[in-house]
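Single-structure report; data block below.
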Amino acid sequence: MEAPLVGGVRVRQGGGQIVRLRRGASLTDLAEKIGVEPASLVQVLFNLGEMVTATQSVADETLQVLGTELNYNIEVVSPEDEDRELLESFDLDFGEDAGDEDDLEARPPAVTVMGHVDHGKTKLLDALRLANVVATETGGITQAIGAYQVETQVEGHDRKITFIDTPGHEAFTAMRARGAKSTDIAVLVVAADDGVMPQTIEALNHARAADVPIVVAVNKVDKETADPTKVRGQLTEFGLVAEEYGGDTMFIDVSATARTGLDELLEAIVLTADAALDLRANPDMPAQGLAIEAHLDKGRGPVATVLIHRGTLRIGDSIVSGSAHGRVRAMINDQGENVTEAPPSMPVQVLGLTSVPGAGDNFLVVDDDRKARQIADKRESRMRAAAQAVGSRRKTLDQLFEQLEKGETQELLLILKGDGAGSVEALEDALSKIDVGEEVSLRVIDRGVGAITETNVSLAAASKAVIIGFNVRPTAHAAQMADRENVDMRFYSVIYSAIDEIEAALKGMLKPIYEEKILGRAEIRELFRSSKFGTIAGCMVTSGILRRNAKARLIRDGVVLSETAVASLRREKDDVTEVREGFECGTTLRNFSDIKSGDVIETYEMVEKPRD
């Protein structure tokens, strides 16, 4: 029996059969699964008004449309499911404690410090760990995730707490969200003199989305304008009710500068952890955790700040984190000391990876380097395909015809390089949200961690892209090459400066909008014939001005007869550039002489209209 025709092409239909495809799969991948030629699928999509090649990564929606057309139920495997299936194929299980109940031991709580910019989060941590982090920050805002461990005494027992400091500026929403998901408790810092602000609510929503208990630190209570009661009242509106008001959220008044209330805050965190959470992990299993930040160090190579969730990480372990892999050569704790092992909930910087992992990538210890490399390679190819599917600018035939008619829309291409994976991700996320209309778009074609290299410059030269360096500089050869190739490189140390400048650049690419501005009107009173100039109109300017070479329209009985321009303008025997209201003049119109007494000449100009 012959296969049925679909969109004019003979393709075998699936009868509702389920087909599982990875994110960013190509038509060739689908063709192999359903046993047809890739070319026939290309033809079907073309007939549906979609132009896709056989090997191109295809967006999820396109795969779904194609599946519906062919009567297949296409399931696009989520990145999380795909990663779990990948690890299962290597007999690995991420996220589960190995062993029995007896193998589990108590671990310190991991705490995310969140809140509005400049409400004192880093100063609070600074006071807790007696180190000066704030002094090293650009623009007074935290622009990378730092993890620190402090010790306190609660009810006579020594207890450790791991803190993660997340940036407070709005551009770091993605980093804050990840910070909340990687920890057990969220400390919401609110300035007593400033109250609840937009990013305070944003941080609160992230903590709730991560389903973690919240402790509120009301900071800056030493200021004269401080009003801690107001903060408690404001947060009540958002469902955080203080214990003294009959709720279940602990509010602690603190001052980072005066160093008051710090012990009470640490005790509140430990008590909240003990009451609401069962924080235990198996320290004897192969280590698993999260890379909360990563950067490329000039002397040490790729450096990842990791938070151990379970197991113990040791020198010499083979690890894989995202698409990066390697062997642990050294571990450095938050005090800058070398350590040989890291138990659960301990943050350490790890050296020995072959590349920089993404901020938020999970990491785990595997049996050997070969297995780590295989997992990393498969993840990298999967991530590349998924990125191509998301970034591929599919054009339907209708869109293509529209753009041919009105001219291609302008696009600003960017290459992002930063000092840390989290910073690059946050910058890309913020830039992607800039919206200046449909005429101009922005696309990041490459991103990475470390100095700007010759490879980045050659890609920028080939694609006419702008290179954005965030806390990084180009190598000497890259700088020379950029100068030679005339590649535009911009450098920033504060993220919102980059956002403002890119937004201004996008607005500058917009075609100007013009609006008509009426200059004046003149009534034709008399006509003169000239062998040299043709018909000359004797006019009286009734309003505004009549200007030589200005755009003009001839109006007769309220109807526009011609769109033209003022060719010449004379007063008595002198040529003039303009004639004002109340004066008489003689004029001729460009390429138009069918004028009569009583006609009106209206002059105007097109002026650029400022955009909102």
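Source: prediction; values computed, not measured.
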(message) Does Gln374 form a side chain to side chain contact (heavy atoms under 4.5 Å, CB included) with Asp377? I'd like the steps, not just the answer.
(response) CA-CA 5 Å; Gln374 288 174 335; Asp377 289 347; 5.9 Å; no
(message) Is any side-chain heavy atom of Val113 closer than 4.5 Å to one of Val189?
(response) yes
(request) Inspect the contact between Asp227 and Lys230 and indicate whether a charged nitrogen and a carboxylate oxygen are less than 4.0 angstrom apart. (result) no
(message) Measuring only between side-chain heavy atoms, which start at C-beta, is Glu425 closer than 4.5 Å to Arg447?
(response) no
(message) So for atom CG, which belongs to Asp211, do other residues, nucleotides or ligands contribute more than 12 heavy atoms lying within a distance under 6.0 Å?
(response) no
(message) For a quick check under 3.5 Å, do Gln149 and Thr162 share a side-chain donor-acceptor pair by atom type?
(response) yes
(message) What I'd like to find out is whether the side chain of Pro228 reaches to under 4.5 Å of the side chain of Val231, using heavy atoms alone.
(response) no
(message) Between Arg107 and Asp184, does any side-chain N to carboxylate O distance fall below 4.0 Å?
(response) yes
(message) Would you say Asp222 and Thr257 are linked by a side-chain donor-acceptor pair, where the criterion is simply a distance under 3.5 Å?
(response) yes
(message) Just so I know, are the side chains of Phe251 and Thr249 near enough to count as touching, which here means a heavy-atom distance under 4.5 Å?
(response) yes
(request) Begin with the C-alpha distance, continue with both residues' side-chain angles, and end with the deciding distance and a verdict on side chain to side chain donor-acceptor pair (under 3.5 Å) for Tyr492 and Glu501. (result) CA-CA 10 Å; Tyr492 304 95; Glu501 198 160 309; 3.0 Å; yes
(message) Using side chain to side chain contact (heavy atoms under 4.5 Å, CB included), reason through Glu105 and Asn282 one step at a time and then give a plain yes or no.
(response) CA-CA 6 Å; Glu105 294 181 9; Asn282 181 358; over 6 Å; no
(message) Looking at Glu267 and Arg159, is any side-chain nitrogen of the basic one under 4.0 Å from a carboxylate oxygen of the acidic one?
(response) no
(request) Ignoring hydrogens and angles, state whether a donor on the side chain of Asp158 or Gln153 is under 3.5 Å from an acceptor on the partner side chain. (result) yes
(request) Taking the side chain as every heavy atom from C-beta outward, state whether Leu266 and Val150 have any atom pair closer than 4.5 Å. (result) yes
(message) I need the Leu240 CG to Met250 CE distance, nearest 0.5 Å.
(response) 13.5 Å
(request) Answer yes or no: is there an ion pair linking Arg373 with Asp369, defined by an N-O contact shorter than 4.0 Å? (result) no
(request) Tell me yes or no: between the side chains of Asn456 and Thr453, is some donor less than 3.5 Å from an acceptor? (result) yes
(request) Answer yes or no: is there a donor N or O on one side and an acceptor on the other, between the side chain of Arg314 and the main chain of Glu341, under 3.5 Å? (result) no
